[in-house]
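What's counted below: heavy atoms across the whole structure, side chains too, no hydrogens, waters or symmetry copies. Residue numbers begin at 1 in each chain, while the letters A, B, ... track the order of the sequences.
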Amino acid sequence: MEQLFFIIFASIAVASAISVVSLRNPVHSALFLIVCFFNVAALFILLRSPFLAAVQIFIYVGAVMVLFLFAVLVLNLGKSEFSEPIFHRGPWSIALLLGLFVEIIFLILTGPLIATKDIYTEGAMIKNTEIMGELLYTRYIFPFEVVSILLLVALIGATVLVMKDKGK
Amino acid sequence: MVPLSYYLILSLIIFSIGLSGVLLRRNIIIVLMSLELIFNSVNISLVAFSHYLQSMTGRIFVVFTITIAAAEVAIGLAILVAFFRARNSVNVDEANVMRG
């Protein structure tokens with residue numbers, strides 16, 4: 001049963017990902033990217049991480065994609081921007097991609113998994129969000145603070161970058 | 001129970017699609033969206049490893065990855081707006097000088 005749901009979500013995610021990179025109109029790409037994000041969120045639920053699924057939908061669909069659509073609308077692209085050739089440096093890129101693909105498939109299928117298991121079994125993961133919050137505020141408090149500073153820097157950086165008059 | 005390798009192969013497929021978008025497309029907006037696809041594929045493999053190793057580290061890492069992705073999108077779109085003002089185009093091939 002779980003496998004059936006995995007196949008449904010995975011195939012929709014892959015199909016919408018292909019649409020994202022192959023469609024000409026950026027708005028259509030953005031809408032397919034939203035479909036892909038929803039399916040990845042569903043996969044997170046299959047992996048017993050409902051908190052991450054919620055965060056994925058809030059941040060990616062709610063914030064990131066709205067920002068993307070907003071940027072596309074603000075830039076007011078002409079039709080000429082949609083007529084770029086898609087296969088620009090085709091042969092080299094596809095050779096590189098195929099090489100990478102074969103290499104990683106080989107590693108996935110033959111590589112042994114030697115890491116030891118931790119204590120968070122499926123039973124313990126029922127309190128998923130609670131465990132996560134506790135860890136974020138105890139063991140991972142330093143990266144948590146660093147990330148907050150990074151967000152502040154990104155906020156200031158984005159504002160400075162789009163200012164018209166740099167105040168010479 | 002879905003085997004771990006299924007999730008890893010799904011992650012690899014989405015990663016390859018995202019990478020092909022970065023390499024093949026010239027529209028900077030679609031290049032940024034392909035970067036988001038790559039972020040997502042990495043998130044899938046992190047959560048899958050975390051689930052199968054019964055650990056929390058991967059899941060915590062995904063929280064940070066999503067935060068970094070949000071910051072990256074804000075900066076990326078700011079650069080996109082600045083670039084569009086300077087060049088009146090969204091073709092990444094035209095971004096070939098360092099001087100603003």
Go through it in stages, so that I can follow the logic: the residues are B/I13 and A/F101, the test is side-chain contact (heavy atoms from CB on, under 4.5 Å), and I'd like the CA-CA distance, side-chain angles, deciding distance and then a yes or no. CA-CA 8 Å; B/I13 292 172; A/F101 200 84; 4.1 Å; yes

Apply side-chain contact (heavy atoms from CB on, under 4.5 Å) to the pair B/I68 and A/L150, showing each step before the final yes or no. CA-CA 8 Å; B/I68 304 286; A/L150 183 116; 3.6 Å; yes

Would you check, one step at a time, whether the test side-chain contact (heavy atoms from CB on, under 4.5 Å) holds for A/Y60 with B/N40? CA-CA 10 Å; A/Y60 272 112; B/N40 257 279; 3.8 Å; yes

Could you walk me through whether A/L100 and B/F15 pass the side-chain contact (heavy atoms from CB on, under 4.5 Å) check? CA-CA 10 Å; A/L100 183 79; B/F15 184 88; 3.8 Å; yes

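In plain terms, the two heavy atoms of B/I75 and A/G157 that are nearest each other are CD1-C, 4.1 Å. Closest heavy-atom contact between B/V73 and A/V64: CG2-CG1, 3.7 Å. Heavy atoms only, all atoms of each residue included: A/V21 and B/I17 are closest at CG1-O, 3.6 Å. In terms of heavy atoms, A/I59 sits closest to B/A70 at CG2-CB, 4.1 Å. Taking both residues in full, the closest heavy atoms of B/H51 and A/L47 are given as ND1-O, 3.4 Å, listed atom of the first, atom of the second, then distance.
For a residue to count as touching a neighbouring chain, one of its non-hydrogen atoms must lie under 4.5 Å from one of that chain's; by this rule A/A17 touches chain B with backbone and side chain alike. For A/L155, no part lies under 4.5 angstrom from a heavy atom of chain B. Proximity to chain B (any heavy atom under 4.5 Å) is shown, for A/L67, by both the backbone and the side chain. Contact of A/L33 with chain B is made through the side chain alone, with heavy-atom distances under 4.5 Å. Within the 4.5 angstrom heavy-atom criterion, atoms from both the backbone and the side chain of A/I18 approach chain B.
With contacts defined as side-chain heavy-atom distances shorter than 4.5 Å, the pair A/F51/B/R59 does not qualify. B/N43 places a side-chain heavy atom less than 4.5 Å from the side chain of A/F44. In this structure the side chain of A/L43 reaches within 4.5 angstrom of the side chain of B/L10, judged on heavy atoms. Counting heavy atoms from C-beta on, the side chains of B/S50 and A/R48 never come closer than 4.5 Å. No side-chain heavy atom of A/V74 sits less than 4.5 Å from a side-chain heavy atom of B/V81. Counting heavy atoms from C-beta outward, A/L113 and B/L4 have side chains that approach closer than 4.5 Å.
Note: A/F6 and B/Y7 have perpendicular aromatic rings, judged against thresholds of 30 and 60 degrees for the angle between ring planes.
Residue A/E134 places its CD atom among 12 or fewer non-hydrogen atoms of other residues, nucleotides or ligands, all under 6.0 Å distant.
Among A/V20, A/V55, A/L109, the residue making the largest number of heavy-atom pairs under 4.5 Å with chain B is A/V20.
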